[in-house]
Amino acid sequence: MSRQLHLNLFLMSRGHHEGAWRHPGANHKALTDLELYVEAAHIAETAKFDAVFLADTLAAGNSSGLASSGSLEPIVLLSLLAAHTKKIGLIGTASTTYSLPYTLARQYATLDHLSKGRAGWNIVTSWAPEAGANYGLQQNVDHGDRYKLAEEFVEAVDALWKSFPSDAVVDDRDGGVYIDTNRLKPANYEGNHYRTKGPLNVPGSPQGRPVYIQAGQSDTGRAFAARWAEAIFTAHMAIESAKSFYSDVKNRAVAYGRRPDDIVVLPGISAAIGSTQKEAEQVWEELDALTSTDVGLTRLSARFGGHDFRHIPLDRPLTKDDFPDPNAVEASKSRVIGYVDMSLREKLTLRQLLRKLAGARGHLAVAGTPEAIADLVQEWFQSGAADGFNVMPPIINSQLSLFADEVVPILQKRGLFRLDYEGDTLRSHFGLAAVTGDSAFARSA
Ligand SMILES: Cc1cc2nc3c(=O)[nH]c(=O)nc-3n(C[C@H](O)[C@H](O)[C@H](O)COP(=O)(O)O)c2cc1C
């Protein structure tokens, strides 16, 4: 079969646009209502999406009260979604800076068992400037140190996931032996920051272990992804930067002895869909009218680790001096490098920058007919910019349904996207082979 596209639903409250929570087309249910998430997951599963994905920031978010903020804890929510779905993958974000390996290894292995092999871990180091204080730290952990912790954290979790192979459970009721202890392999992991003995108390899960997903794209983030990631979430506003990212991470993976196909690269796409171009653009206009400069400024400031932009006039083109050195930003480093580059290249005013980011926070945000969106998806997929997309509907459910009902069938007709699931696990949806033995990585068949 020809190379197949991958589609994830990046499931975020009532939609990805800052103003979506107020839009009449958005799901009216409370953001704490399970049904809000179940309904969206069902739309994605009916359309044969690979997975639903939940982000997580470990801080309450926009403190102005003018934007929707707060989010449910991903692993608990995904456990419930596992019970309400059958095939779709379930990817949850968890931090390597503010968690412990043994706890996390248990939780994700449990989710993999309960969902019969549909779990994925989005490994993040947590950029939110408020996260440190929420976990009792005087000071946030610096960007470089966060990745040092992350390397050790994943080594520890990986060792734990190998420590209790599923074939150690013999469950021999006649002979009276439940576990063949000779098959256990205690992790005995000793790092500078994390230690764990093992074995884990959850046996090897249906996928061997949950799928490793990564979502940082700085230089250090890419090196980390090349070593560990089986899928990468990434943010690009133009095809050129997506292509260069795509070839860079695949080349880096090869340098680790892996194959380019061992990593599925998924940029975000936030598509406003209408039956005409004008109607689609109107969706963005309606949404823009529902947010405010204040919300945008608060969000921008958080990405830069607290830098204040309020003294800058809204309607003159931004200059380099309006920003702190993006390479010195300890918060969302790679994302703010993109913001500064784009602002200077396109000579944006602060107001224009805020409007661009209100839609999808630095991901590709477009408006078009279903045909036009399908063309764009195909172009990125076939020109070395993407293996698929993290679909970020500006409004959930209305714009999600349009993507599922109007764009997906076009992609299917073109032979680019599955008509039905061919396997039962996230690993099989992503085209990754099962993990066996001591291999840290899955290999695609
Ligand atoms: C689609 C996507 C989702 C992400 N989700 C999260 C998240 O839920 N929590 C988080 O702390 N970082 C998340 N990140 C990563 C941050 O945006 C940021 O890139 C990272 O924390 C900083 O590392 P970097 O400088 O290496 O990119 C996500 C990134 C992408 C592309």
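Atoms within a ligand are numbered from 1 in the order they appear, just like the ligands themselves.
Using 4.0 Å as the threshold, G268 has no heavy atom nearer than that to any atom of ligand 1. Residue contacts with ligand 1 include R303, since one of its heavy atoms falls under 4.0 Å from the ligand. Residue contact annotation: F224 has no non-hydrogen atom under 4.0 Å from ligand 1. Within the structure, ligand 1 has H143 among the residues with a heavy atom less than 4.0 angstrom away.
D322 meets the salt bridge (Lys or Arg N to Asp or Glu O under 4.0 Å) test with R316; sequence neighbours excluded.
Against a heavy-atom cut-off of under 4.0 Å, F233 is close to the following atoms of ligand 1: 1 (C), 2 (C), 31 (C). Listed by number with element, the atoms of ligand 1 under 4.0 angstrom from any heavy atom of T234 are 31 (C). Short contacts between ligand 1 and Y147, defined as distances under 4.0 Å to a heavy atom of the residue, involve ligand atoms 23 (O), 24 (P), 26 (O). When each atom of ligand 1 is checked for a heavy atom of S334 under 4.0 Å away, the hits are 19 (O), 24 (P), 25 (O), 27 (O). Short contacts between ligand 1 and Q217, defined as distances under 4.0 Å to a heavy atom of the residue, involve ligand atoms 24 (P), 26 (O), 27 (O). Contact atoms of ligand 1 toward S218: 24 (P), 25 (O), 26 (O), 27 (O) (distance under 4.0 Å to a heavy atom of the residue).
Between Y194 and F153, the ring planes lie perpendicular to each other; the angle is over 60°, past the 30° to 60° tilted range. Using cut-offs of 30° and 60° on the angle between ring planes, the pair F245 and H236 is tilted. By the 30° and 60° cut-offs, the orientation of the rings of F233 relative to F53 is tilted.
Between T57 and ligand 1, no pair of N/O atoms sits closer than 3.5 Å. Backbone and side-chain nitrogen or oxygen atoms of R146 are examined, and none is located within less than 3.5 angstrom of a nitrogen or oxygen of ligand 1. Remark: ligand 1 and H363 share no N or O pair separated by less than 3.5 Å (distance only, no angle test).
Counting protein heavy atoms only, atom 16 (C) of ligand 1 is closest to W127 CD1, 3.6 Å.
Looking at A150, G221, A215, A94, it is A215 that brings a heavy atom closest to atom 20 (C) of ligand 1.
Checked by atom type, the side-chain pair D158/Y189 shows no donor-acceptor distance below 3.5 Å. Side-chain N/O atoms of S218 and S334 include no donor and acceptor closer than 3.5 Å.
Ring centroid separation for the pair H311 and F309 does not come in under the 6.0 Å cut-off. Taking the six-membered ring where the residue is Trp, the centroids of W161 and Y108 are separated by 6.0 Å or more.
Under 4.0 angstrom from ligand 1, the non-hydrogen atoms of F53 all belong to its side chain. Of the heavy atoms in R222, none comes closer than 4.0 Å to ligand 1.
For R303 and W127, the positive end sits near the middle of the six-membered ring, less than 6.0 Å away and at most 45° from its axis. Cation-pi geometry between R3 and F381 is satisfied (NZ or CZ under 6.0 Å from the ring centre, within 45° of the ring normal).
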